[in-house]
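Heavy atoms only: backbone and side chains are in, while hydrogens, waters and symmetry mates are out.
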Amino acid sequence: MSDYTNILNAEITKEKYQWLLTRMEPFLLMFQKEIHNSNDKSHGITTSTIPNLLGIGEGSTPQSDDLYLGIIATIKCKEPSLSEVLQNLSLIKYESYTTRKSSSLIRSFLRYNFPDEIKPIIELLKIDFPSTAHIMKFKMEIQKIKLIGASSGYYFLVGVLWQLEYYENQKQNLIVKK
């Protein structure tokens with residue numbers, strides 16, 4: 001596991017978010033497949049999984065939406081080649097599936113417009129081989145993000161963790177196939 005994955009696993013309690021992942025994981029995996037297999041990188045793509053990913057949980061930005069934001073942010077950092085595909089997702093009418101506030105935030109993330117509170121962790125996620133100083137800063141940023149909203153920051157971090165673990169599982173599958 002990567003340093004960032006280990007840190008996130010130590011900082012967030014699986015029992016607190018497992019209910020949400022159990023419900024969302026099949027759709028998260030379908031979402032990954034859809035965006036990675038998209039042949040249409042210049043025009044808007046549609047995804048049948050969005051209605052199943054959003055609006056789950058409480059608050060002005062439901063927990064599932066915060067998790068989705070963490071996944072989007074991580075994809076933007078780790079797979080810049082998908083930026084155009086993700087940006088095209090900003091054309092979806094998210095208001096049909098979640099709150100107005102959350103819809104606006106999702107579009108901002110998809111357009112690579114992140115709130116100031118998470119910009120430092122975004123920059124750290126872009127670093128594939130973090131130094132000790134980067135790791136210490138990552139830990140500090142996690143503590144700050146956990147304080148965003150009632151649970152928004154926490155579930156954002158769950159999304160980051162899920163996406164990092166997804167990448168690690170993909171790498172593992174490639175090694176096994178060889």
Practice item. Quick one: do Ile106 and Leu54 satisfy side chain to side chain contact (heavy atoms under 4.5 Å, CB included)? Show the steps, please. Key: CA-CA 10 Å; Ile106 290 167; Leu54 303 177; 3.9 Å; yes
What pair of heavy atoms forms the shortest contact from [X] to [Y], and how long is it?
{"X": "Cys77", "Y": "Ile122", "value": "SG-O, 3.3 Å"}
{"X": "Pro130", "Y": "Asp128", "value": "CD-O, 3.4 Å"}
{"X": "Pro62", "Y": "Gly57", "value": "CB-O, 3.9 Å"}
{"X": "Gln87", "Y": "Ser90", "value": "O-OG, 2.5 Å"}

Practice item. Test Leu69 against Asp65 for side chain to side chain contact (heavy atoms under 4.5 Å, CB included), laying out the working first. Key: CA-CA 6 Å; Leu69 292 174; Asp65 300 12; 5.5 Å; no
Any chance [atom1] of [X] has more than 12 other-residue heavy atoms, nucleotides or ligands included, within less than 6.0 Å?
{"X": "Gln143", "atom1": "CD", "result": "yes"}
{"X": "Lys101", "atom1": "NZ", "result": "no"}
{"X": "Lys139", "atom1": "NZ", "result": "no"}
{"X": "Lys126", "atom1": "NZ", "result": "yes"}

Can you confirm whether the side chains of [X] and [Y] place a donor and an acceptor under 3.5 Å from each other?
{"X": "Thr5", "Y": "Glu165", "result": "no"}
{"X": "Tyr167", "Y": "Glu79", "result": "yes"}
{"X": "Thr61", "Y": "Ser152", "result": "yes"}

Practice item. Run the numbers on Trp162 and Leu28 for side chain to side chain contact (heavy atoms under 4.5 Å, CB included), then give the verdict. Key: CA-CA 9 Å; Trp162 188 90; Leu28 291 171; 3.6 Å; yes
Check your understanding: Angle class for the Trp19/Tyr155 ring planes (parallel below 30°, perpendicular above 60°, tilted otherwise)?
Key -> perpendicular
**Study point:** Pairing of Lys137 and Glu141 as salt bridge, 4.0 angstrom limit
**Key:**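 Counted as a salt bridge, because a side-chain N and a carboxylate O are separated by less than 4.0 Å.
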**Study point:** Salt-bridge present (Glu117, Lys144; N to O < 4.0 Å)
**Key:**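 Between Lys144 and Glu117 there is no salt bridge, as every charged N stays at least 4.0 Å from the carboxylate O atoms.
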Could you point out which residue of [options] forms a side-chain contact (heavy atoms from CB on, under 4.5 Å) with [X]?
{"X": "Ile7", "options": "Leu157, Ile12, Ile142, Leu161", "answer": "Ile142"}
{"X": "Ser64", "options": "Leu53, Ile56, Asn52, Leu21", "answer": "Ile56"}
{"X": "Leu110", "options": "Ile92, Asn88, Leu86, Leu105", "answer": "Leu86"}

Exercise for review: Indicate, with yes or no, if the rings of Phe114 and Phe109 have centres closer together than 6.0 Å.
Suggested key: yes
Measuring only between side-chain heavy atoms, which start at C-beta, is [X] closer than 4.5 Å to [Y]?
{"X": "Phe138", "Y": "Glu11", "answer": "no"}
{"X": "Gln32", "Y": "Gln170", "answer": "no"}
{"X": "Lys76", "Y": "Leu125", "answer": "no"}

Hphob cluster co-occupancy, [X] + [Y], side-chain heavy atoms under 4.5 angstrom:
{"X": "Val160", "Y": "Met140", "result": "no"}
{"X": "Phe31", "Y": "Leu29", "result": "yes"}
{"X": "Ile127", "Y": "Ile121", "result": "yes"}

Quick check for you: to the nearest 0.5 Å, what is the distance between [X] atom [atom1] and [Y] atom [atom2]?
{"X": "Ser104", "Y": "Tyr94", "atom1": "OG", "atom2": "OH", "result": "12.5 Å"}
{"X": "Glu168", "Y": "Gln163", "atom1": "CD", "atom2": "CD", "result": "11.0 Å"}
{"X": "Met24", "Y": "Tyr68", "atom1": "CE", "atom2": "OH", "result": "9.5 Å"}

Review point. Does Tyr154 offer a backbone N or O that forms a donor-acceptor pair with the side chain of Ser151 under 3.5 Å?
Key: no
Practice item. Please test Tyr112 against Ile72 for side chain to side chain contact (heavy atoms under 4.5 Å, CB included), starting from the C-alpha separation and ending with a verdict. Key: CA-CA 9 Å; Tyr112 214 46; Ile72 291 169; over 6 Å; no
